[in-house]
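Computation of the quantities below employed the complete heavy-atom set of this structure, encompassing side-chain atoms and omitting hydrogens, waters and symmetry-equivalent molecules. We number each residue from 1, following the sequence as shown.
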Amino acid sequence: MEIASLSVLVILLGGISLVGGQADNCEANRNAVLPVGYSNITLVCLPIWNNLILRYSLNEDNVLTIVLSMLYTSGWVGMGFSKDGMMVGSSAMVGWIGNTGRPHIKQFYLRGQSSSQVLADQGQLPAAGGSPAVVQNGPNIYIAFQLKFLSRITQQKLLFAFGTATPVNDRLTKHQDKISVSFDFSSRTFSASSYPYQLKRTHGILNIIGWGVILPIGAIVARYFRTSDPLWFYLHSAIQFTGFILGLAGVVAGVALYHKLHASVSSHRALGILILVLGILQVLALFLRPEKDYKLRKYWNWYHWWVGRLVLFLAVVNIFVGIHVGSAGDSWKIGYGFNLGLLLLATIILEVLLWTRWSKKTANAPTF
């Protein structure tokens with residue numbers, strides 16, 4: 001394995017909760033409680049995050065010894081390596097104490113973000129001679145393993161996280177929280193790397209407002225307020241242009257977010273690209289709009305109406321897809337669902353009024 005092309009991804013997931021007792025620290029002598037085979041190794045000790053402690057040693061043969069510890073009642077702890085510093089595509093050593101009290105440690109391949117895509121007994125980490133081990137001493141868990149690399153490791157990306165569930169049948173559950181750091185094994189230093197939470201939030205808000213709120217309002221104006229001619233047309237154009245600009249900004253934010261995370265969201269990206277292309281075609285069609293008395297006008301109207309409706313439908317679908325793959329939570333689903341419900345209710349009321357008005361016109365039409 002070429003370490004020059006790798007970045008380290010450390011994942012601490014599973015049920016970690018504070019309990020009574022002494023938390024581990026670098027000042028105390030912990031060699032007596034380290035797993036067998038690791039207590040006689042001189043380890044560098046660094047507190048990383050909250051109560052998580054990282055001990056490591058890197059010898060001249062490029063053998064990396066790792067011992068992770070933290071306060072623990074249940075759950076699992078692991079450390080992995082990734083080519084791009086992200087969880088997806090990495091291999092990880094994961095250890096935990098089972099519900100029966102039996103210690104477990106396995107290598108996992110993190111093919112995706114869902115539990116079904118985290119595959120046990122797979123991965124590409126080069127194990128060294130030392131046997132991996134897991135022990136629990138008081139309130140602290142210790143996970144230890146050794147890896148042997150072809151070249152010396154230096155600057156690495158590490159991600160720490162924790163959750164609340166003990167693995168069953170080697171199925172790992174999603175983390176509860178996480179932190180990313182850039183770690184230098186040579187200088188024994190690290191710095192926190194920020195996860196783009198704000199960019200992710202901006203991407204979602206801009207797309208919901210632009211594609212999911214403003215554009216449907218513009219469509220409602222075009223269908224139900226044509227009696228106010230030509231005011232409806234100017235309002236429709238202004239509203240749709242505003243919605244498109246906000247939606248375009250949301251797409252730009254999404255592209256920037258993808259370059260930072262390289263997340264596996266192929267369906268969300270594909271729908272987003274399709275919606276953007278159709279939206280651009282709608283904008284271009286405005287400049288090719290025939291005059292009312294031109295014979296091609298009715299075909300232009302059909303195209304504009306149905307492509308517009310398709311864009312709105314796909315936008316609603318992709319917003320919910322984005323909320324799901326982005327793990328935004330139920331509050332986003334409920335919030336946008338409530339907004340969508342209001343738009344649908346307004347559309348139904350206006351549609352009933354429109355058909356009522358048409359029926360009255362038909363009833364009052366003169367007969368010859």
Side-chain angles (χ1 to χ4, degrees), residues 1-14 35 38 48-49 52 54-59 61-70 75-96 103-134 141-163 165-175 178-185 190 193 195 260-265:
M1 180 183 297
E2 292 295 333
I3 269 304
S5 66
L6 292 179
S7 59
V8 179
L9 176 65
V10 176
I11 307 173
L12 290 161
L13 300 127
Y38 294 86
I48 301 296
W49 176 52
L52 184 143
L54 171 64
R55 291 177 173 87
Y56 74 92
S57 172
L58 182 63
N59 65 20
D61 295 324
N62 300 320
V63 173
L64 176 65
T65 301
I66 293 290
V67 179
L68 298 174
S69 67
M70 70 183 307
W76 56 277
V77 180
M79 179 175 182
F81 293 76
S82 171
K83 292 181 179 180
D84 55 8
M86 303 304 298
M87 185 181 78
V88 176
S90 68
S91 300
M93 293 295 295
V94 179
W96 68 94
H104 300 264
I105 185 165
K106 287 178 176 288
Q107 183 171 171
F108 286 81
Y109 177 64
L110 310 181
R111 190 174 65 186
Q113 295 180 330
S114 64
S115 295
S116 61
Q117 294 176 308
V118 179
L119 308 177
D121 298 317
Q122 297 190 34
Q124 300 175 347
L125 295 181
S131 298
V134 178
I141 188 171
Y142 295 83
I143 289 91
F145 56 92
Q146 289 183 321
L147 302 173
K148 181 175 174 58
F149 299 101
L150 298 178
S151 59
R152 196 166 186 83
I153 57 174
T154 54
Q155 191 79 14
Q156 307 295 332
K157 298 288 186 182
L158 292 83
L159 178 67
F160 299 91
F162 65 89
T166 298
V168 176
N169 297 325
D170 299 333
R171 177 64 65 90
L172 304 184
T173 56
K174 185 180 176 182
H175 59 267
K178 61 183 179 294
I179 185 174
S180 177
V181 301
S182 179
F183 196 93
D184 194 322
F185 285 96
F190 65 92
S193 302
Y195 183 86
K260 286 181 176 291
L261 299 179
H262 298 282
S264 178
V265 289

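Scanning all heavy atoms of the two residues, the minimum distance from Gln155 to Asp184 falls at OE1-OD2, 3.1 Å. Residues Pro167 and Gly75 approach most closely at CD-O, 3.9 Å, considering heavy atoms. The heavy-atom pair separating Gly95 from Val134 by the smallest distance is CA-CG2, 3.8 Å. Across every non-hydrogen atom of Tyr38 and Ser131, the tightest pair is OH-O, 2.9 Å. When every heavy atom of Gln124 is checked against every heavy atom of Gln107, the shortest pair comes out as N-OE1, 3.0 Å.
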(request) Take Trp96 and Thr166, measure what side chain to side chain contact (heavy atoms under 4.5 Å, CB included) needs, and give me the verdict at the end. (result) CA-CA 7 Å; Trp96 68 94; Thr166 298; 4.2 Å; yes

(request) Show your working on side chain to side chain contact (heavy atoms under 4.5 Å, CB included) between Ile143 and Ile105 and close with a plain yes or no. (result) CA-CA 8 Å; Ile143 289 91; Ile105 185 165; 4.0 Å; yes

(request) Please report the C-alpha distance between Lys106 and Asp121 in whole Å, then the side-chain angles of each, then the deciding distance to 0.1 Å, and finally whether the side chain to side chain contact (heavy atoms under 4.5 Å, CB included) criterion is met. (result) CA-CA 6 Å; Lys106 287 178 176 288; Asp121 298 317; 3.3 Å; yes

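In this structure, the ring pair (Phe, Tyr, Trp, His ring centres under 6.0 Å) partners of Tyr56, at least two apart in sequence or on a different chain, are Phe183, Phe185. Not counting sequence neighbours, Asn169 has no partner by the side-chain hydrogen bond (donor to acceptor under 3.5 Å, both in side chains) test. By the side-chain hydrogen bond (donor to acceptor under 3.5 Å, both in side chains) test, Gln146 pairs with Thr65, sequence neighbours left out.
One finds no salt bridge joining Lys148 and Asp61 here, because no Lys/Arg side-chain nitrogen approaches an Asp/Glu carboxylate oxygen to under 4.0 Å.
Side-chain atoms of Val63 and Leu147, non-hydrogen and from C-beta on, never get closer than 4.5 Å to each other. Counting only heavy atoms from C-beta outward, the side chains of Leu110 and Gln117 never approach each other to under 4.5 Å. Side-chain contact between Ile153 and Asn62 is absent, with no heavy-atom pair separated by less than 4.5 Å. Residues Leu64 and Phe149 form a side-chain contact, since some pair of their non-hydrogen atoms from C-beta on lies under 4.5 Å apart. Leu58 is listed as a side-chain neighbour of Arg152, based on a closest heavy-atom distance under 4.5 Å.
With Arg55 as reference, Val67 is the one residue of Ile66, Val67, Leu68 to meet the side chain to side chain contact (heavy atoms under 4.5 Å, CB included) rule.
Leu172 CG to Ser116 OG: the interatomic distance, rounded to the nearest 0.5 Å, is 11.5 Å. From Ser90, atom OG reaches atom CZ of Phe108 across 12.0 Å, with rounding to the nearest 0.5 Å.
Side chain of Ser91 to main chain of Gly80: no donor-acceptor pair is present (N/O by atom type, distance under 3.5 Å, no hydrogens or angles).
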